[in-house]
Amino acid sequence: MDKAERIKMLVEQLNKASKAYYQDADEIMSNYEYDQLYDELLALEEETGMVLSNSPTVRVGYEVLSGLPKETHESPMLSLDKTKEIAALEDFLGTRKGVLSWKLDGLTVVLTYHQGKLAKAVTRGNGLVGEVITSNAKVFQNIPLSIPFRGDLILRGEAIIKYSDFEEINRKIENADAKYKNPRNLCSGSVRQLDSRITAQRNVHFIAFALILAEGVDFKNSIAFQLDWLKDQGFETVEHQVVSGDTVADEVRGFEEKIAENDNPSDGLVLLFDDIAYGLSLGSTSKFPRNGIAFKWKDEQAQTRLQYIEWSPSRTGLINPVAVFDPVELEGTTVSRASVHNISIMEELELGSGDVIQVYKANMIIPQISENLTKSGMDPLPRTCPACGGPTIVKAENGVKTLYCDNQDCPAKNIKGYTHFVSRNAMNIDGLSEETLEKFIDKGYIHEFADLYHLDRYEEEIVHTPGFGEKSFQNLMKALEKSRDVELHALLYGLGIPNIGEANAKVICREFHDDLDKIIHASVVELVQVDGIGMIMAEKFCAYFSDEKNLLQLKHLLSEVRIRQTEQSDQEQDMEGLTFVITGSVHHFPNRNAVKDYIEKRGGKVTGSVTSKTNYLINNDATSNSTKNRKAKELNIPIITEEQFIEKW
């Protein structure tokens with residue numbers, strides 16, 4: 001491949017990774033790999049003089065795509081040039097003083113204050129155009145809504161979610177596949193929500209790192225002074241130190257020692273000239289301002305021997321490769337395992353048992369393989385799934401090869417089904433998280449839903465399971481016993497019938513008067529007559545109960561539980577015969593589920609899509625061009641606000 005073709009390939013790869021990271025909040029390439037490819041591209045561009053218009057070396061960020069209003073920044077927000085050499089920081093400063101601070105890993109936000117009040121908040125976006133998120137910024141954990149300074153003020157900072165908050169949010173998510181990958185992805189999605197209440201639940205913090213404008217204030221030509229002044233105004237400011245060429249190396253090492261205890265996500269350091277006027281006089285290149293430089297730690301690498309590849313099945317059927325190697329010390333801890341992510345990466349590294357490999361910790365945290373020094377060639381891929389012994393298949397999507405289990409009945413796949421079955425709106429069995437269910441299934445305690453009610457057979461084993469104990473076991477037994485009394489719609493929903501949600505299950509049970517035999521034997525024709533049940537739902541429902549295995553599982557389950565009569569509401573049934581669809585955010589009820597419960601207790605129905613059988617669409621934004629609004633207008637179905645709904649009922 002010639003150099004021009006290599007440049008084109010690198011530009012495509014890096015832009016794809018940037019789009020995934022900045023726009024889609026996903027990560028398809030490690031920081032280490034991105035930096036390696038970026039440096040290679042930069043060297044090739046300098047060597048050949050060929051720079052493509054869409055090269056990441058001359059572009060800033062990525063286009064923003066969302067329903068939020070857009071706004072052009074008064075001046076472009078450029079990225080900083082970067083280095084991994086402390087000597088480069090010393091050379092950068094020369095004889096001048098600088099301000100060294102954390103390089104925070106979140107979402108950059110610009111705040112504007114008028115007369116001491118927060119007037120506007122805009123994301124960095126692509127550096128030229130950002131998204132207006134003022135309502136969301138007002139519910140950040142630590143942004144002052146009013147400040148002592150009464151002049152116009154503009155500042156920049158990073159919206160972040162602290163590691164401790166991130167771990168707490170993930171801890172509450174039982175479905176392992178639904179957990180967030182890292183704090184930055186979660187923060188990006190949280191800050192750019194259309195509903196500020198979701199933002200408020202995520203504990204977003206704002207940390208100021210730059211002052212752009214403050215009318216009439218003498219900052220003594222010092223960035224350090226500016227940061228101290230912002231702190232006096234009530235802002236949390238980035239941790240920083242004033243340094244010189246003689247002290248910057250020691251201060252870098254000081255920051256490095258704090259990484260393990262730092263609760264704020266960071267991917268390096270930033271060094272700026274403290275002299276504001278001097279920094280501004282330097283101007284900027286097309287991409288980088290010349291008044292600062294970013295520092296990323298050199299990844300500490302260690303050489304070790306690959307023992308084998310461990311294949312770990314997941315709930316989606318994906319079987320993940322994990323490299324197990326001789327233990328080595330990295331960044332103060334012993335590591336012996338690293339995710340390899342997929343088959344394509346294994347092929348690129350030519351990983352085979354016994355190979356000598358280089359390992360590192362990405363951002364000094366996550367173990368990764370950087371290089372295979374011997375490349376003996378890949379070991380054969382497993383032909384059977386480690387969890388069930390079923391056949392495996394290789395899938396290729398977007399040029400990435402992955403290994404999957406082809407057995408639909410694989411216990412690892414069914415963990416999701418069991419997690420759904422025990423969830424609050426289904427059987428409501430406390431004490432059975434996804435991780436606990438995975439342990440019990442792996443040990444062979446559970447093969448079908450009814451087996452949950454015989455876990456007492458394994459009391460001794462469960463009591464000695466890590467994370468369990470006698471008290472946990474007894475609490476689990478009480479929860480299981482309590483769940484034996486269940487309303488039919490909850491049990492039906494818990495079965496996990498494709499396309500049948502909680503609302504659909506309630507509607508079906510109500511239509512057939514909680515007669516399970518009639519429900520099981522209902523035809524497609526009968527089901528599509530039920531309001532809110534479409535052809536696909538009806539076909540999936542009938543297909544489920546035409547499977548003998550499903551019927552047998554239900555029969556076993558019914559021998560363990562008692563179907564109780566659905567609780568009748570004592571409220572006036574003034575919505576009987578009416579069907580509602582709820583969309584958008586609500587203001588008077590805690591959430592849309594509360595509106596749904598209110599309607600159902602008064603005899604009404606709530607469905608998920610607008611059809612000719614819908615009586616009302618509840619939407620506080622009647623002017624929205626959403627699919628549901630357009631459909632309602634097309635069918636002449638009244639669109640009412642939440643307040644109109646409350647006034648009417």
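Because only heavy atoms are used, hydrogens play no part in the values below, and waters and symmetry mates are left out as well, while side chains stay in.
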Take N342 and T402 through the side-chain hydrogen bond (donor to acceptor under 3.5 Å, both in side chains) test and state the conclusion after the steps.
-> CA-CA 5 Å; N342 54 58; T402 48; over 6 Å; no

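- Residues G292 and L272 come closest through the heavy atom pair CA-CD2, 3.6 Å.
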Verdict with reasoning, T199 to Q193, per side-chain hydrogen bond (donor to acceptor under 3.5 Å, both in side chains) | CA-CA 7 Å; T199 306; Q193 285 287 330; 6.0 Å; no

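- Side chains of D355 and T374: a donor on one and an acceptor on the other come within 3.5 Å.
- To the nearest 0.5 Å, the span separating CD on E12 from CG on L10 amounts to 10.0 Å.
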Under the side chain to side chain contact (heavy atoms under 4.5 Å, CB included) rule, what do L403 and I343 come out as? Steps first, then yes or no, please.
-> CA-CA 7 Å; L403 189 69; I343 296 172; 3.8 Å; yes

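- Residues D105 and S266 bring no donor and acceptor atom of their side chains to less than 3.5 Å of each other.
- Proximity of the aromatic rings of F295 and F92 is defined here by a centroid distance below 6.0 angstrom, and this criterion is not met.
- With hydrogens and angles left out, the side-chain atoms of Q141 and N203 include a donor and acceptor closer than 3.5 Å.
- T392 contributes no side-chain N or O that, together with a main-chain N or O of Y404, makes up a donor-acceptor pair within less than 3.5 Å.
- For the atom pair CD1 (I154) and CD (E215), the distance works out to 9.0 Å, reported to the nearest 0.5 Å.
- Side-chain atoms of D263 and S164 form a donor-acceptor pair, as typed in the model, at a separation below 3.5 Å.
- Counting non-hydrogen atoms of neighbouring residues, nucleotides and ligands closer than 6.0 angstrom, the NZ atom of K97 reaches no more than 12 such neighbours.
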Tell me, with the steps shown, if K401 and M346 meet side chain to side chain contact (heavy atoms under 4.5 Å, CB included).
-> CA-CA 10 Å; K401 295 180 185 177; M346 290 181 62; over 6 Å; no

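- V11 places a side-chain heavy atom less than 4.5 Å from the side chain of L41.
- At a threshold of 4.5 Å between non-hydrogen side-chain atoms, the residues E90 and S244 do not count as touching.
- A donor-acceptor pair under 3.5 Å links the side-chain atoms of R290 to the main chain of L282, judged by distance alone.
- Residue P289 comes nearest to S284 through the heavy atom pair CA-CB, 3.5 Å, listed as atom of the first residue, atom of the second, then distance.
- Contact annotation: the side chain of F273 never approaches that of I223 to less than 4.5 Å [non-hydrogen atoms, C-beta and beyond].
- Within a 6.0 Å radius of CD in E348, no more than 12 heavy atoms belonging to other residues, nucleotides or ligands are found.
- For R156 (side chain) and V109 (main-chain N/O), no donor-acceptor pair under 3.5 Å exists by modelled atom type.
- A donor-acceptor pair shorter than 3.5 Å cannot be found between the side chains of H240 and E251.
- Q307 and D326 are linked by a side-chain donor-acceptor pair at a separation below 3.5 angstrom, with hydrogens and angles left out of the test.
- With respect to the salt-bridge test (charged N to carboxylate O, under 4.0 angstrom), the residues D275 and R96 qualify.
- Ion pairing of R253 with D250 is present here, as a side-chain N (NZ or NE/NH1/NH2) and a carboxylate O approach within less than 4.0 Å.
- The side-chain heavy atoms of F255 and Q241, taken from C-beta on, include a pair separated by under 4.5 Å.
- Within the model, atoms OG1 of T237 and CG of L211 stand 11.5 Å from one another, a figure rounded to the nearest 0.5 Å.
- L269 contributes atom CG, which lies 11.5 Å from atom OG1 of T83 (distance to the nearest 0.5 angstrom).
- Residue G106 comes nearest to I160 through the heavy atom pair CA-CG2, 4.2 Å, listed as atom of the first residue, atom of the second, then distance.
- Aromatic ring centres of F209 and W102 lie farther apart than the 6.0 Å criterion allows.
- The two residues L381 and V394 make their nearest non-hydrogen contact at CD1-CG2, 3.8 Å.
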Give the C-alpha distance, both sets of side-chain angles, the deciding distance and a yes or no for side chain to side chain contact (heavy atoms under 4.5 Å, CB included) between L280 and N291.
-> CA-CA 7 Å; L280 291 174; N291 70 327; 5.7 Å; no

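- Inspection of the E158 and T108 side chains reveals an N or O donor paired with an N or O acceptor under 3.5 Å.
- Heavy-atom neighbours of K258 NZ from other residues, nucleotides or ligands within 6.0 Å: above the threshold of 12.
- No side-chain donor-acceptor contact under 3.5 Å links D165 to the backbone of V204.
- In this structure the side chain of L107 reaches within 4.5 angstrom of the side chain of V191, judged on heavy atoms.
- Counted by atom type alone, S353 and D379 present one or more donor-acceptor pairs between their side chains at under 3.5 Å.
- L93 has its side chain out of reach of L89: every pair of non-hydrogen atoms, C-beta onward, lies at least 4.5 Å apart.
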Chi angles and distances behind the side chain to side chain contact (heavy atoms under 4.5 Å, CB included) call for V359, F325 = CA-CA 10 Å; V359 294; F325 44 82; 4.0 Å; yes

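- For the pair K82 and Y38, the cation sits on the ring face: its NZ or CZ lies under 6.0 Å from the ring centre, inside 45° of the axis.
- Atom CZ in F166 sits 12.0 Å away from atom CD in E168 (nearest 0.5 Å).
- One finds the OG atom of S222 at 7.5 Å from the CG atom of D228 (value rounded to the nearest 0.5 Å).
- Counting non-hydrogen atoms of neighbouring residues, nucleotides and ligands closer than 6.0 angstrom, the CD atom of E40 exceeds 12 such neighbours.
- Ring-centre distance between F206 and F140: not below the 6.0 Å cut-off.
- Tested against N372, the residues I357, L306, V356 include a single side-chain contact (heavy atoms from CB on, under 4.5 Å) partner, I357.
- Looking only at side-chain heavy atoms (C-beta outward), L78 and F288 stay at 4.5 Å or farther from each other.
- Using modelled atom types, one side-chain atom of Q233 and one backbone atom of F149 make a donor-acceptor pair closer than 3.5 Å.
- The shortest distance between side-chain heavy atoms of F235 and I207 does not fall below 4.5 Å.
- Under the 3.5 Å distance criterion, the side-chain polar atoms of S188 are left unmatched by any main-chain donor or acceptor of R184.
- Residues I86 and A249 share a closest heavy-atom pair of CG2-CB, 3.7 Å.
- Results of the side-chain contact (heavy atoms from CB on, under 4.5 Å) test with H73 over V110, T123, V129 single out V110 as the only residue that passes.
- For the residue pair E236 and N142, the shortest heavy atom distance occurs at OE1-ND2, 2.8 Å.
- A donor and an acceptor atom, one from each side chain of Q301 and S370, are located under 3.5 Å apart.
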